Trainee: 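Pasting a structure below so you can have a look.
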Amino acid sequence: MNIKHYFTISFVVAITLFAGTALCGSLALAAENGSAEPKPVLKAAEEVEASVEGLVTARDENISNDLGLRIDAFKKVIELSVSEAKDLQVRTLLIEKSSKDMALWREEVLGEVENAVRFFELLKKKGVAHIKDVSAVKLEAEEFRKWREENFAPALRAVNDYSSLAKGREIAGIAKERSQKIAKDLIKLGKSGKDAAELQTRLQKANTSITAAEKLLKEGGALFQLPYILPVTTSSSEPIIESPTSSLPIGEAPTSSLATSSMPISPEKGVEASAPLSIKELVRSSFDEVK
């Protein structure tokens, strides 16, 4: 093989390494908080929770237009909730019905979200003209918070956990595909008679991280099964999500590795037991491995 061909292969390997690192790194950074929720929606959710909390706990202040300010804040809470619920409705509709169990869970969550959309829209239509004093604002805000926490928040958490796992598997899948491509390029480089040992060592190290990320996502998939899939199904044997780039179903049944790595164990004397990892924490850890 001539020197020009050798440098061509070396250049391809270098570009593949760079592109894979940049792509997977940017995806991981975009989801580094363990959530695939769009930033505008996440901001809206945070504003709703903060505003409702403020309305409920605010002290009565003898200031001009205090009632008007609180009413306006409550109106904004309702409007943001409508947008938030409609966005969640779209995200829920996009969940793939890749198995009977998954379809059942998806339909239950979709029903909860659609119920929330109707509730928030009715509140918006009702308006705030009936609110005459600060105590009435507090009362309605407290009732709203209670309803939201009991009827909407569980669906929001469920879809966010699903989206986080799906995004984590997508990122791990891209990293794995890049690794396989680099491995082929290194074989070509080795056949040219050139020493590719250092690159092989780096690739092996990268593969170790990818394997660790896949294991974490597998545990996340098992953990997803417990509060979401099992309560609404009678069978947990079918895979919940299939992917062309990953063999990690989001609803895979719990394994011994999950029990040993994610669940608390009896601590030795003087040693505090670690808290069980959440799905978000497992996904975030997988992002760290990929990065």
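All figures in this text were calculated on a predicted structure; none of them were measured in a lab. In what follows, every heavy atom counts, from backbone to side chain, and hydrogens, waters and symmetry copies are set aside.
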Trainee: Report the residues that fulfil side chain to side chain contact (heavy atoms under 4.5 Å, CB included) with Glu112, sequence neighbours left out, ordered by chain and then residue number.
Mentor: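 Side chain to side chain contact (heavy atoms under 4.5 Å, CB included) check on Glu112 returns Glu108, Ala155.
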
Trainee: Taking salt bridge (Lys or Arg N to Asp or Glu O under 4.0 Å) as the test, write out the residues that go with Glu150, two or more places apart.
Mentor: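 For Glu150 there are no salt bridge (Lys or Arg N to Asp or Glu O under 4.0 Å) partners, ignoring immediate neighbours.
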
Trainee: Rounded at 0.5 Å granularity, tell me how far OG in Ser164 sits from CZ in Arg284.
Mentor: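 It is 9.0 Å, given to the nearest 0.5 Å.
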
Trainee: Hydrophobic side-chain clustering at under 4.5 Å (ILVMFWY, transitive links): who's grouped with Val90? Put none if nobody.
Mentor: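 Leu94, which link up through side-chain heavy atoms under 4.5 Å apart, make up the rest of the cluster.
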
Trainee: Looking at CD of Glu289 and CD1 of Ile171, how far apart are the two atoms once the value is rounded to the nearest 0.5 Å?
Mentor: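 CD1 of Ile171 is found 13.0 Å from CD of Glu289.
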
Trainee: Who else is in the cluster with Leu139 when I, L, V, M, F, W and Y are joined by side-chain contacts under 4.5 Å?
Mentor: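 Direct or chained contacts put Leu139 with none.
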
Trainee: Side chain to side chain contact (heavy atoms under 4.5 Å, CB included) with Lys184: which residues, sequence neighbours excluded?
Mentor: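 Here no residue qualifies.
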
Trainee: What residues, two or more places apart in sequence or in another chain, satisfy side chain to side chain contact (heavy atoms under 4.5 Å, CB included) together with Glu149?
Mentor: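 For Glu149, the residues satisfying side chain to side chain contact (heavy atoms under 4.5 Å, CB included) (neighbours in sequence not counted) are Ala153, Arg157.
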
Trainee: Could you work out, with side chain to side chain donor-acceptor pair (under 3.5 Å) as the rule, every residue matching Asn151, not counting sequence neighbours?
Mentor: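 Listed in chain order: nothing, the list is empty.
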
Trainee: List in chain and number order the residues that pass salt bridge (Lys or Arg N to Asp or Glu O under 4.0 Å) with Glu143, two or more places apart in sequence or in another chain; answer none if no residue qualifies.
Mentor: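 In terms of salt bridge (Lys or Arg N to Asp or Glu O under 4.0 Å), with neighbours along the sequence ignored, Glu143 is linked to no residue.
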
Trainee: Can you tell me which residue pairs pass the side-chain hydrogen bond (donor to acceptor under 3.5 Å, both in side chains) test with a partner in residues 121-134, sequence neighbours excluded?
Mentor: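 Only Lys86-Glu121, His130-Glu140, Asp133-Ser135 qualify under side-chain hydrogen bond (donor to acceptor under 3.5 Å, both in side chains).
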
Trainee: Quiz question: by atom type and distance under 3.5 Å, do the side chains of Thr92 and Arg106 form a donor-acceptor pair?
Mentor: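 Judged by distance alone, the side chains do not pair up.
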
Trainee: Please go through Leu110's hydrophobic cluster and name the other residues, only I, L, V, M, F, W, Y counting, with side-chain heavy atoms under 4.5 Å joining them.
Mentor: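 Result for Leu110 is Leu93.
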
Trainee: Considering only heavy atoms from C-beta outward, does the side chain of Tyr228 approach that of Ile279 to under 4.5 Å?
Mentor: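 Answer yes - side chains close enough.
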
Trainee: Step by step, would you call Glu142 with Arg145 a salt bridge (charged side-chain N to carboxylate O under 4.0 Å, His left out)?
Mentor: CA-CA 5 Å; Glu142 176 60 34; Arg145 179 172 66 174; 2.7 Å; yes

Trainee: Run through the side-chain heavy atoms of Ile, Leu, Val, Met, Phe, Trp and Tyr, join any pair under 4.5 Å, and report what else lands in Ile210's cluster.
Mentor: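 So far as hydrophobic clustering goes, Ile210 is joined with none.
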
Trainee: May I have all residue pairs that pass ring pair (Phe, Tyr, Trp, His ring centres under 6.0 Å) and include part of residues 107-128, sequence neighbours excluded?
Mentor: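 Qualifying pairs: Phe119-Trp147, Phe120-Phe144, Phe120-Trp147, Phe120-Phe152.
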
